[in-house]
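Okay, structure first, notes after.
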Amino acid sequence: MTDTMIDVSKTILNEYPLCNECLGRLFAWLATGTTNIQRGRSIKLVLLMIGDEFLRGGDRKKASEYLQILAGNGMMKSARRLAKDAGIPFELKETCHLCTKDDSVFERIPRITNEVDEILQDYEFDTFLVGSVPFPQLVERQDEICARYNLLNSEPLKSSFNREFGKKLFEKLKREVDFSKPEIVVIYDMLKDQISLQVNPLFIFGKYRKLERGIPQSRWDCGECKGKGCEECDGTGRRYLDSVSEYIGKPAVKIAHAARFKVHAAGREDIDALMLGDGRPFVLELSEPKKRKLNLEVLAHEINKEAYGKIEVHDLEFSERSRAQDLKKDASENIKEYVASISTEKEISEELLRIAEKRFKDIEIEQRTPNRVAHRRSDLVRVKHVYEIKLKRKEKLLLEGSFKVQGGTYIKELISGDEGRTKPSLTEVLETPCLCTELNVTAIYTGKPDHNA
Ligand SMILES: [Zn+2]
Ligand SMILES: [Zn+2]
């Protein structure tokens, strides 16, 4: 007959001093719904009862075997008392083989719980999770025992420690434990006896309008000095002094006491294009925020005050990472509307304008990567859908064009033809060189509902 776990426990205890928690952990998947401490205590109690039975039955040799183990490596008070009373000698052990380096890591829990509570005073959060970096040596010891005694139901030190630590922290902090999307992860390093925090980012969805030309979407450093400051950029380190991202992110960083920000937007307009209409959807990511319960109306007000006349945000709402990813994924599937001023070399007849409108009704066009962005985009031909172009004459050599196109369509090139790299183009169909002199984005349809249901 194979040995039962009681026999195996006795063999292991004969070899190693183990506390209740660590003995129980070796059999953690057996009879769930209790704690490892209870498991360990129960195993030892059964062994003690067996020893006592031998003692009472007069088998002193057998009894000594059990009592010596339990009083020594078992670190069991009641066994020590019984052994003493019966005059059975034993070797006193006080440090557990599987959880003790200088002290037991489980015994550190009350102290580090208080330390974490202290550190977290500065943070606003509703959910948390604990993690730990265990002593490599203790992990090795447990692996060794499990391999040697073929223990298939043990639990790693780390997972048991995290649970016990988490329980204590939950009692103290009175916040929810969230396993999938915690706002803060508390990590305890056993070796360094050190607590660190992983403060997860805060995501805010919104839409921006750009009311002034010459502002890039993201920070654009000087190409000469890469941001250090040189003659070329008057020591500013910047090619453009401001950006849409910074107008949105900087006030938010201040209000949330965050470390950094990132703006994820549904595509981007050219530097010299305005973003009008209902605005462009974006998700603002704030890293390591200390404040999470932001008043978004106040935030919008702060951003709009700082960026007055340049950038304007609205419809701010709390969101999550997946929405930022959706924005990027969707960008080329969005439908966008633009209004452009178009100068022509020759005067164009009304008739030809109508022909051009018909020609561009619901067609696919081919755009090879434009010359002006070739340095940062790979050279390939993109097929884009043009839903509609409406053309109006404003002056003799000036048209106003309204475009409804698939996201990612290069409008300037759709107008100019980009030396034949975009086909067809207005230049081609109107049979005269056309040039975009002003461009505004007037609508972006993201294909997703504006608000989370
Ligand atoms: Zn232990
Ligand atoms: Zn420079």
Side-chain angles (χ1 to χ4, degrees), residues 5 8-30 34-45 47 69-80 91-112 132-146 148-149 151 153-168 188 190-191 193 214 216 218-243 246 271 375:
M5 51 152 299
V8 175
S9 294
K10 177 171 162 259
T11 310
I12 296 172
L13 276 177
N14 187 36
E15 197 78 25
Y16 307 103
L18 293 179
C19 71
N20 294 339
E21 156 66 45
C22 292
L23 178 60
R25 193 167 71 247
L26 297 177
F27 304 97
W29 306 133
L30 300 176
T34 182
T35 62
N36 286 337
I37 290 186
Q38 274 299 347
R39 280 188 192 89
R41 192 180 285 145
S42 304
I43 293 169
K44 289 180 187 178
L45 184 59
L47 288 172
I69 291 172
L70 293 166
N73 282 352
M75 298 187 262
M76 199 181 182
K77 271 200 192 114
S78 46
R80 285 172 186 171
E91 198 185 331
L92 202 65
K93 294 282 174 53
E94 264 157 3
T95 52
C96 170
H97 184 64
L98 290 183
C99 68
T100 304
K101 273 280 284 159
D102 304 320
D103 52 350
S104 162
V105 291
F106 289 96
E107 280 164 18
R108 294 178 186 181
I109 288 176
R111 167 176 61 84
I112 56 178
S132 63
V133 184
F135 275 121
Q137 195 189 3
L138 295 180
V139 173
E140 276 165 29
R141 285 178 180 176
Q142 184 171 336
D143 288 348
E144 207 180 285
I145 291 178
C146 288
R148 189 161 152 206
Y149 297 99
L151 305 181
N153 295 297
S154 71
E155 182 185 16
L157 169 65
K158 181 181 157 132
S159 99
S160 176
F161 178 86
N162 289 355
R163 188 175 54 249
E164 296 307 317
F165 184 25
K167 273 195 248 171
K168 269 279 173 300
Y188 176 65
M190 296 180 190
L191 195 62
D193 188 20
S218 45
R219 186 192 159 106
W220 194 329
D221 284 338
C222 167
E224 289 295 313
C225 63
K226 307 272 177 254
K228 279 190 221 111
C230 67
E231 238 172 76
E232 186 74 23
C233 58
D234 280 336
T236 59
R238 307 280 301 252
R239 169 101 180 262
Y240 292 89
L241 287 180
D242 54 1
S243 67
E246 286 165 293
I271 293 175
H375 61 282

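From a predicted model like this one, the values you see are computed outputs, not experimental measurements. All ligand and atom numbering here is 1-based and tracks the order in the structure. We're numbering straight along the sequence, starting at 1.
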Salt-bridge present ([X], [Y]; N to O < 4.0 Å):
X: Asp193; Y: Lys101; value: no
X: Glu155; Y: Arg39; value: no
X: Glu21; Y: Arg25; value: yes

Exercise. Could you please spell out the steps behind the salt bridge (charged side-chain N to carboxylate O under 4.0 Å, His left out) verdict for Glu144 and Arg141?
Key: CA-CA 5 Å; Glu144 207 180 285; Arg141 285 178 180 176; over 6 Å; no

Quiz item: To the nearest 10°, how many degrees is the angle Cys225 SG to the Zn ion (ligand 2) to Cys230 SG?
Solution: 110°

Quiz item: Please state the angle at the Zn ion (ligand 2) spanned by SG of Cys222 and SG of Cys233: what is it, rounded to 10 degrees?
Solution: 110°

Practice problem: Mind reading off the angle at the Zn ion (ligand 1) between the SG atom of Cys19 and the SG atom of Cys99, rounded to 10°? | Solution: 110°

Practice problem: Just to the nearest 10 degrees, tell me the angle at the Zn ion (ligand 1) spanned by Cys22 SG and Cys96 SG. | Solution: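 For SG of Cys22 and SG of Cys96, the angle centred on the Zn ion (ligand 1) reads 110°.
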
